[in-house]
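Please read the structure below before turning to the comments.
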There are 2 protein chains.
Amino acid sequence: MELIKNLNISVDCVVFGYDIISKSLNLLLIHRYLESKSTKEVLVNDYVLTGYHIYEHETLDQSATRVLEELTGLSNTYKKQFKAFGDPNRLKDEKDAPWIDNEAFNQRTVTIAYYFLVKTEDVDLNSKQKAKWFPVSELPKLGFDHKKIILEAYEDLKLKCLTEPIIFELLPDKFTINEVQDLYKSILNVEIDNRNFRRKLIHKKYIIPLDEKQVGVSKKPAQLYMFSKDIYEKMHQKNYLINI
Amino acid sequence: MELIKNLNISVDCVVFGYDIISKSLNLLLIHRYLESKSTKEVLVNDYVLTGYHIYEHETLDQSATRVLEELTGLSNTYKKQFKAFGDPNRLKDEKDAPWIDNEAFNQRTVTIAYYFLVKTEDVDLNSKQKAKWFPVSELPKLGFDHKKIILEAYEDLKLKCLTEPIIFELLPDKFTINEVQDLYKSILNVEIDNRNFRRKLIHKKYIIPLDEKQVGVSKKPAQLYMFSKDIYEKMHQKNYLINI
DNA sequence: ATAATTAAACGTCATTTAAACACTAAGTAT
DNA sequence: ATACTTAGTGTTTAAATGACGTTTAATTAT
């Protein structure tokens with residue numbers, strides 16, 4: 001199939017990756033570097049989201065999925081289209097001018113922004129020299145309007161993880177209660193009482209204790225659990241609780 | 001300023017209007033009618049959202065705001081960009097073919113969809129022959145992918161009104177508790193116990209009783225209240241309540 | 001073997017919140 | 001004065017939440 005780009009529309013991918021070892025919520029960013037051919041002066045040196053123009057035959061979802069897969073090799077990950085960014089000047093900041101000149105794309109581009117939830121360990125970055133994980137709390141200098149995009153994605157994620165079981169997208173299939181709690185802490189930046197959290201989670205019918213414990217830990221090994229999406233979807237009736 | 005349209009990108013506006021008299025949540029739709037010039041056969045006869053291509057100098061928000069204002073005369077209304085729709089075949093359904101031929105726009109168009117919250121009474125449709133309100137529960141035949149867009153907007157609204165005080169965008173400045181309850185009923189399609197609802201609302205510090213009662217009603221006049229956005233924003237701390 | 005260490009796991013009480021439920025009060029229209 | 005209509009009120013029970021300290025099960029060091 002012939003690949004025809006639409007220069008007016010792109011997708012950008014905010015890739016959240018959780019590192020269960022360091023308990024760090026990370027973002028996958030691409031290094032952007034440009035120096036002057038004549039003077040060797042560094043013109044651009046920062047990071048951007050991964051993204052690309054859409055192809056004419058693709059849906060937006062397909063486009064985003066493609067871009068993610070090209071970078072990470074992953075498909076079938078959780079994704080959410082959370083906002084479109086279309087300020088006519090969004091690519092026209094002074095800091096981005098050398099880059100834009102170099103790339104020679106000067107059309108207005110509206111970008112449809114997605115975020116993805118993955119496990120850092122699932123991504124092999126060895127073949128991707130320019131890609132690097134950054135903790136959400138220690139972001140580097142960012143190009144274009146990508147800082148804004150990231151912050152909006154993060155806000156959306158914070159809200160979403162309170163009401164939908166997307167947290168389990170960031171965890172291995174088998175996890176401990178404390179690992180879930182640590183993840184919530186990483187995302188929300190709040191302290192959570194372990195006993196109360198534990199009680200709450202264990203009582204959910206879709207949090208299923210396994211006949212397994214952690215292995216290879218140098219302490220009391222914790223009980224492992226799994227999340228049953230099936231049960232969740234059957235049991236969980238939306239409660240229209242007005243909470244303004 | 002010269003107005004240059006971008007044919008690849010449009011905005012569509014899902015306009016929710018609440019009619020406090022009939023207690024009906026409505027949608028503002030545009031009649032789309034086309035008959036064959038030769039045979040007089042009716043080729044297209046349905047309704048669509050109001051929408052238009054974006055201009056090159058506009059932000060997406062400005063574009064949506066412009067489109068809404070052209071139709072309703074309203075500015076400063078609540079709006080939310082809730083999703084982009086970009087299926088390459090979204091305008092290529094058989095039912096839309098005569099219309100597309102007639103309009104002669106055949107480029108792929110990604111639309112950024114917004115919803116707006118207004119009071120039906122604030123909109124003067126006299127000069128807009130083609131525009132009409134429909135109760136959300138009695139939608140007419142819809143063109144393009146607009147049914148899908150509407151349903152997604154409605155779902156978003158249902159969720160949003162549970163956690164943010166957007167309900168008051170649909171009510172007059174002075175309202176009764178029962179009017180708020182009726183509105184929730186109209187949006188959510190659920191029964192709500194009046195006593196519990198009343199107690200809950202009256203205890204909110206940002207729901208302020210006025211020294212006024214309803215006038216001109218042929219029954220016991222109800223106490224009027226107002227919503228203080230100021231107080232809401234100061235008082236309302238986000239409670240990170242995990243509710244999966 | 002024993003002790004020290006570390007994180008997991010458990011339980012209670014006080015408070016808050018939600019759900020269920022039926023009657024009286026206050027005004028208007030006749 | 002009476003009928004009518006909607007506004008407005010209170011209690012009880014169950015469930016969920018938040019605050020808080022101690023015990024248990026494993027590994028590591030001696």
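None of these values were measured; they are calculated from a predicted model. Only heavy atoms go into these numbers, but all of them, side chains included; no hydrogens, no water, no symmetry mates.
- One interatomic measurement links the two molecules: CG of A/N194 to P of C/dA8, which rounds to 7 Å at whole-angstrom precision.
- As rounded to whole Å, 12 Å separates atom P of D/dA19 from atom CD of A/E191.
- Following rounding to the nearest Å, A/N239 (CG) and C/dA19 (C1') show an atom-to-atom distance of 13 Å.
- In summary, the aromatic rings of B/Y206 and B/F227 are positioned with their centroids under 6.0 Å apart.
- Note: A/H31 and A/Y33 have tilted aromatic rings, judged against thresholds of 30 and 60 degrees for the angle between ring planes.
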task = Mark up nucleotides 20-30 of chain C, 5' to 3', with B wherever a protein heavy atom is under 4.0 angstrom from a base atom, S wherever such an atom reaches only the sugar-phosphate, and - elsewhere.
result = BBB--BBSSS-
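- Of the side-chain N and O atoms in B/K200, none sit less than 4.0 angstrom from OP1 or OP2 of C/dT17.
- Judged by a 6.0 Å distance limit and a 45° cone about the ring axis, A/K158 is positioned over the six-membered ring of A/Y154.
- In this structure, NE2 of A/H203 is placed 9 Å from P of D/dA16, rounded to the nearest angstrom.
- Sorted by first and then second residue, the salt bridge (charged side-chain N to carboxylate O under 4.0 Å, His left out) pairs with a member in residues 210-228 of chain B read B/K174-B/E212; sequence neighbours excluded.
- Listed by first and then second residue, the salt bridge (charged side-chain N to carboxylate O under 4.0 Å, His left out) pairs involving residues 187-197 of chain B are B/K185-B/E191, B/D193-B/R195 (not counting sequence neighbours).
- In terms of position along DNA chain D, the nucleotide closest to B/I177 lies nearer the 5' end than the nucleotide closest to the other residue of the pair B/I242 and B/I177.
- Between its opening and closing five pairs, the helix from C/dA1-D/dT30 to C/dT30-D/dA1 changes axis direction by 10°, a value rounded to 10 degrees.
- When the nucleotides D/dT17, D/dG8, C/dA18 are ranked by their closest atom to the side chain of A/L241, C/dA18 comes out on top.
- Screening residues 118-139 of chain B for ring pair (Phe, Tyr, Trp, His ring centres under 6.0 Å) gives B/Y47-B/F134 as the qualifying pairs, with residues at least two apart or on separate chains.
- Using the six-membered ring where Trp is involved, B/Y115 and B/F82 have ring planes that are tilted, between 30° and 60° apart.
- Atom P of nucleotide D/dA26 and atom CD of A/Q223 are separated by 12 Å, given to the nearest angstrom.
- Across the protein-nucleic acid pair, B/K23 atom NZ and D/dT6 atom C1' stand 9 Å apart, rounded to whole Å.
- A straight line from CZ of A/F197 to P of D/dA16 spans 16 Å, rounded to a whole angstrom.
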Can you give each donor-acceptor pair under 3.5 Å made by side-chain atoms of residues 161-170 of chain B, sequence neighbours left out, with the distance rounded to 0.1 Å?
| unit_1 | atom_1 | unit_2 | atom_2 | d |
| --- | --- | --- | --- | --- |
| B/E164 | OE2 | B/K160 | NZ | 3.4 |

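- Taking atom CD1 on A/I192 and atom C1' on D/dA19, their separation rounds to 15 Å, with Å as the unit.
- Taking a cutoff of 4.0 Å between a charged side-chain nitrogen and a carboxylate oxygen, B/E69 and B/R66 do not qualify as a salt bridge.
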